[in-house]
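In what follows, chains carry the letters A, B, and so on, assigned in the order in which the sequence lines appear, proteins first and then strands, with residues in each chain numbered from 1.
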Amino acid sequence: MIRSPRGVEDILPSQVSQYQWIEKEASSLFSLYGYEEVRTPIFERAELFLRSLGEETDAGKQMYIFQDKKGRRLALRPEATAPVVRAYLQHNLYGKTREWRVYYLGSMFRYERPQAGRYREFRQIGIEAIGEGSPYLDVEIIEMAHQFFKRVGLDKVELQLNSIGCRKCRPFYEEKLKEYLKKNMDRLCPTCQRRYQYNVLRVLDCKNENCQLVIREAPWIGEYLCEDCSSHFQSVKEGLKALGIKFQINPHLVRGLDYYTRTIFEIISPVLGAQNAICSGGRYDDLIEELGGPSVPAMGFAMGVERVLLALREEKKGIPYKRLPLIYIATLGREGWRAGYELANLLRLKEIRVQLNTSKRKLSSQLSFAAKRGIRWVMILGEEEVKKRRVILRDMNSGTQKELEWEKLEENIEEIKS
RNA sequence: GUGAGCGUAGCUCAGCUGGUUAGAGCACUGGACUGUGGAUCCAGUUGUCGGGGGUUCGAAUCCCCUCGCUCACCCCA
């Protein structure tokens, strides 16, 4: 048997309705804030990601890169921010719109070892707002993310916030941090000793206990922010407080990439395992320039749909929106089936979901099938009913049933629908 | 990329330190109930014991390799 590749999964019908529900909630909420959907390609020139992520990071290794028939290097998108920015530049939206607000939803691909909440194909829903540098935007975006989780009924979420400064002040901080860590190098785990070389900030969120002890005494970025970054951060915090949104300052919250500036945030779900971030976002005032565009500030976030669903399941939250048939028509004999077909069509014209029996099974088996599928209403059509031009309507919940004339079906349907 | 745990029927699992024909429950199918689901009872079907190799008279069981699943590390755009 050929199975699906590692780390990718089929989404079966019962799951699909959950995804659709999340997508619907997100898109309707985001549009309330002025965001419109954008769809970018599933694959891009690999350079787009390699440039935005930085060539030297090993993010390149975690990408699905392949060559097309002309030998071009392409990559399945591992995230959507760079493609959205690419589209923004390619269509010269700078100058055409002062602020571009878009959301996207779709599959992303990363070649990683799968674990709880981490897959090789996963879906993200995210937004990007390009063109505005004010902290009010940061506040509104975080509020919107917060609002989303409220909407879908996820109660146990924690908002973590930090500022990682800008090109002016961060290098100075990194220097100070390195200075400090160098003195304590022998107390750091081997991984952190490597991180010290290629990504110092990552030392801050190491899980190792000994490293934590060292980090506790480490210099704090808050003290090294330049005046602009500091007041920006201050405004964001004040704004969130004013809106009554709870957050924790997490000085260890960092980003691995250089293009992030100032505000970064993460929403985590404590009911999840090691991969517990369900939404992560931040300001990236330098990315557009790095991709060859003008210097334009921007901010966005992305939510992991699978993780949100996992968290909902952990919190035992029911997920609505199941498109089961409302009615199952059980039929007996050829005449029964023909009559069933007529009735089914009639009902479908009224936008009622009907599943018609197509088997030659006996009645008890048909009823049991409907019950197992969770279909509440069953119509029974046998020889007798056809003769009388009637149908038995059975309520599988209560086990009661009554006989209806075909001509009077419509009146009763309204009752069923509600 | 590293590590740990696990792969036996459609599902959940049992199978003791190697021993003959590999089991249970659930599910499924049929019947008791010739046209009424969920309950009960009876009967029946179900397996490359993940795959390959090795040790052995004999392997689901022990050893090696491999594939897959799960979780963690790593990474986390």
**Request:** Describe the nucleic acid contact of A/Gln124 in one word from base, sugar-phosphate, nothing, applying a heavy-atom distance below 4.0 Å.
**Result:** nothing
**Asked** Which of parallel (below 30°), tilted (30 to 60°) and perpendicular (above 60°) describes A/Tyr64 and A/Phe109?
**Response** perpendicular
**Item:** Dot-bracket encoding of pairs in RNA chain B, which uses [ ] for pseudoknotted crossings and | for another strand, Watson-Crick or G-U under 3.5 angstrom
**Value:** (((((((..((((.....[...)))).(((((.......))))).....(((((..]....))))))))))))....
Which atoms of nucleotides 68-74 of chain B (N or O only) lie under 3.5 Å from a protein N or O atom, and what are those distances?
residue	atom	partner	partner atom	Å
B/rC69	OP2	A/Arg6	NE	2.8
B/rC71	OP2	A/Ala116	N	3.1
B/rA72	OP1	A/Ala274	N	2.9
B/rA72	OP2	A/Gln115	NE2	3.1
B/rA72	OP2	A/Ala116	N	3.4
B/rC73	OP1	A/Lys207	NZ	2.5
B/rC73	N4	A/Arg118	NH2	3.4
B/rC74	N3	A/Arg118	NH2	3.1
B/rC74	N4	A/Gln115	OE1	3.3
B/rC74	N4	A/Arg118	NH1	2.6
B/rC74	N4	A/Arg118	NH2	2.5

**Message:** Quick check for you: among B/rG37, B/rA77, B/rG35, whose closest atom lies nearest to any side-chain atom of A/Glu79?
**Reply:** B/rA77
**Request:** Establish, with yes or no, whether the OP1 or OP2 oxygen of B/rG38 is under 4.0 angstrom from a side-chain nitrogen or oxygen of A/Arg376.
**Result:** no
**Asked** What interatomic distance, in whole Å, is found between P of B/rA4 and the corresponding atom of B/rA77?
**Response** 28 Å
**Out of B/rG35, B/rG37, B/rC28, whichever nucleotide has its closest atom nearest the side chain of A/Lys372** = B/rC28
**Prompt:** Relative to each other, are the rings of A/Tyr103 and A/Phe30 parallel, tilted or perpendicular (30° and 60° limits)?
**Reply:** perpendicular
**Message:** Using a heavy-atom cut-off of 4.0 Å across all strands, would you classify A/Arg373 as base, sugar-phosphate, or nothing?
**Reply:** nothing
**Request:** Would you please confirm or rule out a distance under 4.0 Å between OP1 or OP2 of B/rG31 and any side-chain N or O of A/Lys362?
**Result:** yes
**Item:** Nucleic acid contacts - residues 284-302 of chain A versus RNA chain B, non-hydrogen atoms under 4.0 Å
**Value:** none
**Message:** Please classify the nucleic acid contact of A/Phe369 as base, sugar-phosphate, or nothing, using heavy-atom distances under 4.0 Å.
**Reply:** nothing
**Message:** Treating primed atoms plus P, OP1 and OP2 as sugar-phosphate and everything else as base, which nucleotides of nucleotides 5-12 of chain B get B, S or - for protein heavy atoms under 4.0 Å?
**Reply:** --------
**Asked** Quick one, which residues of residues 389-403 of chain A touch RNA chain B with a heavy atom under 4.0 Å?
**Response** A/Ile392, A/Arg394, A/Met396, A/Gly399, A/Gln401
**Request:** Quick one: which residue pairs count as a ring-ring contact (aromatic ring centres under 6.0 Å, His included) with a foot in residues 181-213 of chain A, not counting sequence neighbours?
**Result:** none
**Request:** Identify which nucleotide among B/rG35, B/rU36, B/rA77 has an atom closest to any side-chain atom of A/Tyr260, counting heavy atoms from C-beta outward.
**Result:** B/rA77
**Prompt:** Between B/rA77, B/rC76, B/rG35, which nucleotide has the shortest distance from any of its atoms to the side chain of A/Asp205?
**Reply:** B/rC76
